[in-house]
Enquirer: 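Take this structure, written in structure tokens, and hold onto it; I'll ask about it next.
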Amino acid sequence: MLLLSASSLSDTHAIAGALAALAREGDIIVLSGEMGAGKTAFAQGFGRALGVTEPITSPTFTLVHSHDCGKLTLHHADLYRLDRTAEVADLALAELAEFHGIVLVEWGNVADTSFGDHLVVHLDANVDDDLDIEPVSAVESPAGFIEDEFALHGRRMIEISAVGSGWASRWSLVSAAVAEFRC
């Protein structure tokens, strides 16, 4: 397990980008954490690093957004509204990963035992007593992307762990890629 500290939105994006650089076709990455912890912000940084040029928003109501990245597709899922494991199975996320895809799953911890090999990224915004998450209107960033619906103020702790052998061969690369953010 790696424990990281992200002091800003750009740090969260940088960590996500470092992991995106190591991700490969067939990977499933489970994003967990409370509401407003930065899961969608992480997905935005991850997608940008893969070359997604369209805005990345949470697929809370559509359940899955797919973004073409050239040689592969980034599938961004949100399981927040799903109540049963059968509903998760109906999304066929593992199959999406198998066909030239990488799958990011927000709220994926509710069904992580069904994913087989995967990386777990847990974001925690509750690390400072004075932490403030302020709702803001959608703002276009200098890069032309619509920012997350919440401004990320304060430090985030990000815990990364691997389940299964899929990321085991890349673990030293993961550790080196995020070394500047280690606690």
Enquirer: Minimum heavy-atom separation for F46 to L19, with atom names?
Expert: CE1-C, 3.9 Å
Enquirer: If you look only at pairs with a residue in residues 158-170, which of them pass as a side chain to side chain donor-acceptor pair (under 3.5 Å), with sequence neighbours excluded?
Expert: D27-R170
Enquirer: What pairs of residues pass the salt bridge (charged side-chain N to carboxylate O under 4.0 Å, His left out) test when at least one of them lies in residues 68-77, not counting sequence neighbours?
Expert: none
Enquirer: So, using side-chain hydrogen bond (donor to acceptor under 3.5 Å, both in side chains) as the criterion, who are the partners of R182 when residues are at least two apart?
Expert: S175
Enquirer: Hey, mind stepping through W171 and I160 against side chain to side chain contact (heavy atoms under 4.5 Å, CB included) and telling me if it holds?
Expert: CA-CA 10 Å; W171 195 251; I160 302 173; 3.9 Å; yes
Enquirer: Could you state the interatomic distance from OG (S5) to CE (M157), rounded to the nearest 0.5 Å?
Expert: 5.0 Å
Enquirer: For residues A18 and V178, report the shortest heavy-atom separation together with the two atoms involved.
Expert: CB-CG1, 4.1 Å
Enquirer: Out of curiosity, I56 CD1 to H76 NE2, how far, rounded to the nearest 0.5 Å?
Expert: 7.5 Å
Enquirer: Could you list the residues that satisfy side chain to side chain contact (heavy atoms under 4.5 Å, CB included) with A49, not counting sequence neighbours?
Expert: A20
Enquirer: Are the side chain of K39 and the backbone N or O of V105 linked by a donor-acceptor pair below 3.5 Å?
Expert: no
Enquirer: What's the separation between atom CD1 in I15 and atom CD1 in I158, rounded to the nearest 0.5 Å?
Expert: 4.0 Å
Enquirer: So, for G166 and R24, which heavy atoms are closest and what is the spacing to 0.1 Å?
Expert: O-NH2, 3.4 Å
Enquirer: Hey, could you give me the CG/CZ distance between D11 and F181, rounded to the nearest 0.5 Å?
Expert: 4.5 Å
Enquirer: So T57 and H65, side chain to side chain contact (heavy atoms under 4.5 Å, CB included) or not? Walk me through it.
Expert: CA-CA 8 Å; T57 58; H65 289 163; 3.4 Å; yes
Enquirer: Backbone N or O of A37 within a donor-acceptor pair of the R156 side chain at under 3.5 Å?
Expert: yes
Enquirer: Among V30, I28, V120, which residue satisfies the side chain to side chain contact (heavy atoms under 4.5 Å, CB included) criterion with V163?
Expert: V120
Enquirer: Could you give the distance from NE2 (H13) to OG (S8), rounded to the nearest 0.5 Å?
Expert: 9.5 Å
Enquirer: Tell me the closest heavy-atom pair linking G38 and L123, and the distance in Å.
Expert: O-CD2, 3.8 Å
Enquirer: Can you name the nearest heavy-atom pair linking S66 to T73, along with the distance?
Expert: CB-CG2, 4.0 Å
Enquirer: Which value, rounded to the nearest 0.5 Å, describes the distance between I102 atom CD1 and I29 atom CD1?
Expert: 6.5 Å
Enquirer: Could you pull out the closest heavy-atom pair between A177 and L22, with the gap in Å?
Expert: CB-CD1, 4.0 Å
